Amino acid sequence: MAAMLLVGPGVPAAHGRGAASAPGGIPLVEDAPIAYLMDATTGQVLFAREEDRRFMPASIAKAMTTLVAFDLLEQGKLTQTQAFTVRPQTFSQWRGVGSTMFLGANDRVTVDDLLHGVTTVSANDGAIVLAEGAAGSVANWASLMNRAARRIGMADSYFASPNGWMDEGRTFVTAHDLALLGQALTMKHPAKYQHYIGKQRFRYGSILQPNHDPLSGAVPGADGIKTGFTNQAGYGYLGSVKRGAQRLILVVAGSPTNGARNRASRQLVNWGFTAFDIERVAAPGSMVGKAMVQDGSAPVVPLITDRPVDVRVPQGRQAEIASRIVYRGPLKAPVVEGETVAMLEVSVSGLPTYTIPLKAGANISEASLIQRAINGLRRWLS
């Protein structure tokens, strides 16, 4: 039987907004030719400008190196106390090249120090030593980066190096993809994110260096993630700001100056927190709908959201919220409780549509012969 798209009933909503207008505004295109703002919890896109335009990330590529390291730590394939030796060739190649943590030849450096060097002071040498030590070579590490990118949905990005140093455009990303990377770092690894990202300074040996994140310390709730600059790429930033239970991920790229990037980043995120009201569509753990099941012990399975479905709606105008359940089905038994089996597609008038995964709320085993007969009779009578 060919798979078909099934659409469940939407969550009814038609919410009017108050008369208040949003203070401030979005950044000028001159300051931020590429700009993107997303709610990390729901994936709702609040603003998008040239979100699919490819650009060179420069040091923002180190955010993907960080995600790969977090994944390896989670899997037990890497430990924070593990130490790697700085190869003399690596020392010669990366000594004094861009931002460094001033590693010496034959230094033994822990994974913990290397990661702090990468995330806090954008250490080009630290990223290379981590890659060579953990994966055997830069090429092997780049393969891990690209695999991780595909897993989280970064379909239009490619990484050729751990640190994003100029490579004639072989490494490229999009704002949309970088936002997915920021979402993965903050949502998938919250404890590691808090430990390694957003620190104000880092000391290796006798050298203390500051973090040059443009928002941390200047914008309430800002806690990272990564800046980038080369003459080829211009100034860019992948950032995150958390206020209460809400976290926004922002991307600014192609800015002509450091000041323009910083100004655009502050404007964009402050606008994101002040220009919207929040509507609760579904509480975490609540049943959003049902999906049909073929040859199962039950004809349908409840669909659960494991996160709050909070929708941001623009202030100052009437906004319609609509949603629908989308899945390929009917689902084939057995269905395992907790597995993602459908998506909740949410749309707000004037904003891009986005999706939230829905999980099976019960185990549905394969039907017995008697149950199959009963299910067939039900389908015939319906």
Side-chain angles (χ1 to χ4, degrees), residues 34 36-46 48 51-75 77-78 115 118-119 127 130-131 134-135 140-164 171-197 223-226 228 236-242 247-251 253 305-307 309 326 338-346 352-359:
I34 299 170
Y36 196 78
L37 187 65
M38 181 181 76
D39 185 307
T41 303
T42 65
Q44 182 181 6
V45 179
L46 306 181
E51 68 271 24
D52 295 321
R53 175 177 155 191
R54 290 179 175 180
F55 62 93
M56 293 174 284
S59 284
I60 300 175
K62 296 181 182 108
M64 178 53 79
T65 280
T66 303
L67 179 64
V68 171
F70 284 2
D71 286 344
L72 293 176
L73 287 168
E74 192 73 22
Q75 296 162 11
K77 297 178 180 178
L78 203 61
L115 265 176
V118 167
T119 58
L130 177 64
N140 289 345
W141 185 265
S143 294
L144 294 179
M145 295 172 77
N146 289 308
R147 276 185 238 160
R150 299 299 171 264
R151 280 198 303 271
I152 63 174
M154 296 177 69
D156 201 23
S157 298
Y158 183 81
F159 297 92
S161 77
N163 56 20
T171 297
F172 58 85
V173 296
T174 67
H176 167 266
D177 284 0
L178 281 185
L180 294 177
L181 174 54
Q183 184 183 39
L185 283 167
T186 56
M187 304 298 290
K188 185 179 178 183
H189 299 291
K192 295 179 183 64
Y193 179 88
Q194 186 177 20
H195 178 73
Y196 285 108
I197 297 178
D223 57 8
I225 299 172
K226 192 73 197 71
Y237 181 53
L238 168 62
S240 173
V241 180
K242 186 174 187 293
R247 181 182 289 279
L248 298 184
I249 303 293
L250 67 143
V251 179
T305 173
D306 62 354
R307 66 187 71 174
V309 183
V326 183
E339 71 174 328
T340 298
V341 294
M343 304 298 291
L344 181 66
E345 189 177 272
V346 183
T353 297
Y354 64 102
T355 56
I356 295 170
L358 296 177
K359 300 182 182 299

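All values below were derived from every heavy atom in this structure, side-chain atoms included, with hydrogens, water molecules and symmetry-related copies excluded. What you are looking at is a predicted structure, and each value in this text was computed from that prediction instead of being measured.
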(Q) If I compare all heavy atoms of Thr174 with all of Glu51, which pair ends up nearest, and what's the gap? (A) CB-O, 3.3 Å
Q.
Among Thr186, Asp223, Thr119, exactly one meets side chain to side chain donor-acceptor pair (under 3.5 Å) together with Tyr193. Which residue is that?
A. Asp223
Q. Is a salt bridge present between Lys188 and Glu74, judged by a nitrogen-to-oxygen distance below 4.0 Å?
A. no
Q: Could you check Arg54 against Asp156 for side-chain contact (heavy atoms from CB on, under 4.5 Å), going step by step and ending with a plain yes or no?
A: CA-CA 8 Å; Arg54 290 179 175 180; Asp156 201 23; 2.7 Å; yes
Q.
For a quick test of reading the model, state the closest non-hydrogen atom pair linking Ala160 to Thr171 and the distance between them.
A. N-OG1, 2.9 Å
Q | For Phe172 against Pro57, the heavy-atom pair lying closest together | A | CA-CD, 4.1 Å
(Q) According to side chain to side chain contact (heavy atoms under 4.5 Å, CB included), who are the partners of Ala135, at least two apart in sequence or on a separate chain? (A) Asn140, Trp141, Leu144
Q.
Can you confirm whether Asn146 sits close enough to Met64 that some side-chain heavy atom of one is under 4.5 Å from a side-chain heavy atom of the other?
A. no
Q. Looking at Asp39 and Gln183, what are the two nearest heavy atoms and their distance?
A. O-NE2, 4.5 Å
Q.
Please check: side-chain N/O of Asp177 versus main-chain N/O of Ser157, any donor-acceptor pairing under 3.5 Å?
A. yes
(Q) Quiz question: by atom type and distance under 3.5 Å, do the side chains of Ser240 and Arg247 form a donor-acceptor pair? (A) yes
Q: Go through the steps for Leu180 and His176 under the test side-chain contact (heavy atoms from CB on, under 4.5 Å), then give the verdict.
A: CA-CA 7 Å; Leu180 294 177; His176 167 266; 3.6 Å; yes
(Q) Using the rule given for side-chain contact (heavy atoms from CB on, under 4.5 Å), can you reason through Val346 versus Gln44, listing the C-alpha separation, both sets of side-chain angles and the distance that settles it, and then say yes or no? (A) CA-CA 8 Å; Val346 183; Gln44 182 181 6; over 6 Å; no
Q) Looking at Ala61 and Gly164, what are the two nearest heavy atoms and their distance? A) CB-CA, 3.7 Å
(Q) Any heavy-atom pair between the side chains of Ile34 and Phe55 that's under 4.5 Å? (A) yes
Q: For Thr42 and Tyr354, work out which heavy atoms get closest and say how close.
A: O-CD1, 3.5 Å
Q. In terms of heavy-atom contacts, does CD of Glu339 have more than 12 from other residues, nucleotides or ligands at under 6.0 Å?
A. yes
Q. Ile225 versus Thr66: any side-chain heavy-atom pair under 4.5 Å?
A. no
Q. Is any side-chain heavy atom of Leu115 closer than 4.5 Å to a side-chain heavy atom of Leu130?
A. yes
Q | Min side-chain heavy-atom separation Lys62-Pro162 under 4.5 Å | A | no
Q | Minimum side-chain heavy-atom gap Ile60-Val173 below 4.5 Å | A | no
Q. Going by the angle between their ring planes, with limits at 30° and 60°, are Tyr196 and Phe70 parallel, tilted or perpendicular?
A. tilted
Q) Which is it for Thr305 and Leu344 under the side-chain contact (heavy atoms from CB on, under 4.5 Å) test, yes or no, and what are the steps along the way? A) CA-CA 9 Å; Thr305 173; Leu344 181 66; over 6 Å; no
